[in-house]
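Before any comments, here is the structure.
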Amino acid sequence: MEEAIALGYIMDILDTEEAVMCLVAHEESKKGREGRHKKYSRFDLANYHDDEFKDMFRFEKGDMEGLRVGLRIPSEMTSDSGTKWTGMEGLGAVLRRLSYPNRLVDLIHDFGRSKSELSTIINDTVDWILFKNARRVNNINQPWVEPEEFAQAVLNKGAALDNVWAFIDGTVKFTCRPQIGQQSVYSGYKRHHGLKYQHLMCPNGIIVHSYGPFPSRRHDAAMYGE
């Protein structure tokens with residue numbers, strides 16, 4: 001915006017007084033945007049009704065503490081830049097961000113944080129979750145995986161086979177168009193650029209294995225073959 005005002009002044013579209021007024025108005029507007037998160041309170045489970053919470057975060061409110069402990073997220077976290085937040089706040093921010101294509105600005109009302117703080121909290125919490133739990137989705141040999149029990153559950157639902165204990169499928173995560181190698185990540189079917197992942201889900205709804213990423217143009221069968 002400052003560049004546009006300067007250009008208008010140089011091209012004699014704006015006189016000195018008009019340019020100064022535009023700069024002052026822009027700075028006041030920017031300050032208002034940067035400080036608006038202070039009008040809202042920080043994330044608190046008590047502020048949400050149970051049904052509302054599940055719609056927004058895709059988890060039951062009563063399961064959040066167990067989920068935090070299960071993912072090994074500490075009760076308090078601090079970024080390299082000095083930003084501090086609770087593990088529950090970090091988990092909530094990640095779930096809210098992933099529950100729907102939300103922009104950071106859309107999360108300000110729920111977390112009372114600036115966009116830069118939200119970006120730091122979400123990225124650092126995701127990195128922590130991956131660091132502590134990546135092996136759980138990269139290694140299919142988990143103590144809770146019971147192929148015979150799962151296969152029986154599938155059979156009880158009317159399956160024709162008695163040895164199916166998980167379901168495999170691919171999913172595409174859309175991305176911005178890259179400047180280099182656009183064709184490799186462009187899906188003619190989806191009409192979008194993106195990366196493709198393959199997941200293995202058990203009958204209890206838990207993903208037991210993830211594989212990828214692959215270029216979006218790759219067919220699901222090619223991922224399965226690898």
Criterion side-chain contact (heavy atoms from CB on, under 4.5 Å) on S79 and E117, from CA distance to verdict: CA-CA 10 Å; S79 70; E117 286 180 315; over 6 Å; no

Heavy-atom side-chain contact between F167 and D169 under 4.5 Å: no

Straight-line distance of Q198 CD to I207 CD1, nearest 0.5 Å: 11.5 Å

Side-chain touch M201/V208, heavy atoms, less than 4.5 angstrom: no

Check: L118 and I108 side chains under 4.5 Å, non-hydrogen atoms: yes

Atom CG of D80: over 12 foreign heavy atoms under 6.0 Å: no

Within one Ile-Leu-Val-Met-Phe-Trp-Tyr cluster: Y197 and F174, side-chain cutoff 4.5 Å: no

Check: K54 and F59 side chains under 4.5 Å, non-hydrogen atoms: no

Residue of the set D51, D50, D44 for which salt bridge (charged side-chain N to carboxylate O under 4.0 Å, His left out) holds with K61: D50

Heavy-atom side-chain proximity of W85 to T125 below 4.5 angstrom: yes

Minimal non-hydrogen separation, S184 against P215, with atom names: O-CB, 2.7 Å

Pairwise side-chain contact, S187 with H192, heavy-atom cut-off 4.5 Å (strictly under): no

Working for side-chain contact (heavy atoms from CB on, under 4.5 Å), residues N204 and F150: CA-CA 8 Å; N204 58 6; F150 291 163; 3.8 Å; yes

Atom pair CD/SG of E146 and C202 - distance to nearest 0.5 Å: 10.5 Å

Backbone of H49 reached by a side-chain donor or acceptor of E52 within 3.5 Å: yes

Verify same cluster id: V154, I206 (apolar side-chain graph, 4.5 Å): no

Side-chain donor-acceptor pair present, H193, T175, cut-off under 3.5 Å: no

pair L67-L95: side-chain heavy atoms closer than 4.5 Å: yes

For P178 against V185, the heavy-atom pair lying closest together: CG-CG2, 3.6 Å

Exercise: identify the closest heavy-atom pair between L107 and A93: CD2-O, 4.0 Å

Cluster overlap W128 with I122, hydrophobic side-chain contacts below 4.5 Å: yes

Spacing of T120 atom OG1 and N123 atom CG [to the nearest 0.5 Å]: 7.0 Å

Spatial distance of atom CG (L155) from atom CG (L161) [nearest 0.5 Å]: 9.0 Å

Shared hydrophobic cluster, L130 / I73 (ILVMFWY, side-chain heavy atoms < 4.5 Å): yes

Mutual orientation of the aromatic rings belonging to H209 and Y211 [parallel < 30°, tilted 30-60°, perpendicular > 60°]: tilted

Pair Y48 + F57: ring centers closer than 6.0 Å: yes

Distance (rounded to the nearest 0.5 Å) between T86 OG1 and L91 CG: 9.5 Å

Nearest atoms (heavy-atom pairs only) where A151 meets D162: CB-O, 3.6 Å

Audit row: T83, M77, side-chain contact (heavy atoms from CB on, under 4.5 Å) steps and yes/no: CA-CA 8 Å; T83 301; M77 299 184 70; over 6 Å; no

E60 and F53, any side-chain heavy atoms less than 4.5 Å apart: no

Inter-residue atom distance R103.CZ - R97.CZ, 0.5 Å rounding: 10.0 Å

side-chain contact (heavy atoms from CB on, under 4.5 Å) between L195 and V172, intermediate numbers included: CA-CA 6 Å; L195 298 174; V172 177; over 6 Å; no

Backbone of N102 reached by a side-chain donor or acceptor of D106 within 3.5 Å: no

Passing candidate, side chain to side chain donor-acceptor pair (under 3.5 Å) with E89, options R113, R42, K84: R113

Other residues, nucleotides, ligands: >12 heavy atoms within 6.0 Å of Q182 CD: yes

